[in-house]
There are 2 protein chains.
Amino acid sequence: MSINEKGNRKHSCECVGAVATLPDEELMFELADFFKLFGDSTRIRILTALDRTELCVCEISELLSMTKSAVSHQLKLLRQSNLVKCERRGKHIYYALADSHVRDIIEKALEHIAEEN
Amino acid sequence: MSINEKGNRKHSCECVGAVATLPDEELMFELADFFKLFGDSTRIRILTALDRTELCVCEISELLSMTKSAVSHQLKLLRQSNLVKCERRGKHIYYALADSHVRDIIEKALEHIAEEN
DNA sequence: AGAACAGTTGAACGGTTGTTCAACTGTTCA
DNA sequence: TGAACAGTTGAACAACCGTTCAACTGTTCT
């Protein structure tokens, strides 16, 4: 039995359970990065607000009682991940959800949370 | 027009857009906390591995090439959030997905990622 | 042109969080 | 009983990340 550099035996587990394999590692990192975007209360509040109607940055910042800067930083992340799209109209830049998956995913999560109680 | 303590005008935004309201704040924090669990590559790898079959801790740690301690810490979080359940059988403690929402949510996320390309 | 508002950006600070390490509990087997 | 393996736990450290701040760009209006 091989010994690694830390002195722990490798394959110390004697169980002969299913030789499970892991899905594509690269995809797992993409998945985690995707979910990270939903894992912040500022971003999730932005997304649920946009789920109802398109909004400009200053409307969002008033709605969340946050500075435009903080909101803008988060919007940038959401934009880069194609979760929201934006369009300038005059002085304002209006943000909207980019596709319907956001809606679906939040829906499923709410179902799970609802069942907890 | 009121001025706040930072010297920034409140309601400086002149736009008379939809007076959007935000969903229950408390729920937003729960949602973010829920998604945080999926937003880590170790945890998402554990969840997708368990999606295929139940596994004991040492099998998971070999599968991910991580220490049992690191895996155990993450399993604790998943357990506390009712995403996985566990059962001791002899020396081993077997972990499995707690419900089918996990499957659904990951499915939706994969659809979104797939459409990016 | 210049004032005022809308929005973005990069650096910096502070809090959060994942892994490591060491010590611990629980189970099996000789 | 005690050795060996399976798994958990808390503290500590390092890396990550969200907000703040100040300076910047872009648009409108006089």
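Residue numbering restarts at 1 for every chain, and letters A, B, ... go by the order of the sequence lines. Every heavy atom of this structure was used, including side-chain atoms; hydrogens, water molecules and symmetry mates were not. Just so it is clear, the model here is predicted, and its values are computed rather than measured.
For A/T67, counting side-chain heavy atoms from C-beta on, the closest listed nucleotide (D/dT20, D/dG7, C/dG7) is D/dT20. Closest contact between the side chain of A/A70 and the listed nucleotides D/dT28, D/dT20, C/dT19 involves D/dT20.
In terms of modelled atom types and a separation under 3.5 Å, the side chain of A/S61 and the main chain of A/C58 share a donor-acceptor contact. Judged purely by atom type and a 3.5 angstrom limit, B/T48 uses its side chain to pair as donor or acceptor with the backbone of B/R45. Although no hydrogens or angles enter the test, the distance criterion places no donor-acceptor pair under 3.5 Å between the side chain of A/Q74 and the main chain of A/V71. A/R43 places a side-chain N or O within donor-acceptor distance of the main-chain N or O of A/L37, the cut-off being under 3.5 Å.
Geometric assessment of A/R88 against the ring of A/Y94 yields a negative cation-pi assignment under the 6.0 Å and 45° thresholds.
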All N/O pairs under 3.5 Å across the protein-nucleotides 10-14 of chain D interface:
residue, atom, partner, partner atom, Å
D/dG10, O6, B/H73, NE2, 2.7

Strictly under 3.5 Å: I want the nitrogen or oxygen pairs between protein and nucleotides 16-18 of chain C, one per line.
residue, atom, partner, partner atom, Å
C/dG18, OP1, B/R43, NH1, 3.2
C/dG18, OP1, B/R43, NH2, 2.9
C/dG18, OP2, B/R43, NH1, 3.4

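Nucleotide D/dC17 holds its C1' atom 14 Å from the CG atom of A/L78, rounded to whole Å. To the nearest angstrom, P of C/dA22 lies 15 Å from NZ of B/K68. The nearest whole Å value for the distance from the CG atom in A/L55 to the C1' atom in C/dG7 is 15 Å. Distance CG (B/L64) to P (C/dT20): 12 Å, rounded to an integer number of Å. To the nearest angstrom, C1' of D/dG18 lies 15 Å from CD of A/Q80. Rounded to an integer number of Å, the gap from B/Y94 OH to D/dA6 C1' is 11 Å. When the C1' atom of C/dG26 is taken as reference, atom CD1 of B/I93 falls 8 Å away, rounded to whole Å. A/K91 has its NZ atom 7 Å from the C1' atom of C/dA6, to the nearest Å.
Remark: B/E107 pairs with no residue by the side-chain hydrogen bond (donor to acceptor under 3.5 Å, both in side chains) rule, at least two apart or across chains.
Residues B/Y95 and B/R79 have side chains that bring a donor and an acceptor to within less than 3.5 angstrom of each other.
Note on B/S72: every side-chain N or O is 4.0 Å or more away from OP1 and OP2 of D/dG7. Listed pair B/Y95 / D/dT8 meets the phosphate criterion, a side-chain N or O lying under 4.0 Å from OP1 or OP2. OP1 or OP2 of C/dT8 sits under 4.0 Å from a side-chain N or O of A/R79.
When each of A/G90 and A/S41 is assigned the nucleotide of DNA chain D with its nearest heavy atom, A/S41 is the one assigned upstream, toward the 5' end.
A salt bridge is absent between A/E87 and A/K85: the closest approach of a Lys/Arg side-chain nitrogen to an acidic carboxylate oxygen does not fall below 4.0 angstrom.
A/K68 pairs in a side chain to side chain contact (heavy atoms under 4.5 Å, CB included) with only one of the listed residues (A/L75, A/V57, A/I60), which is A/V57.
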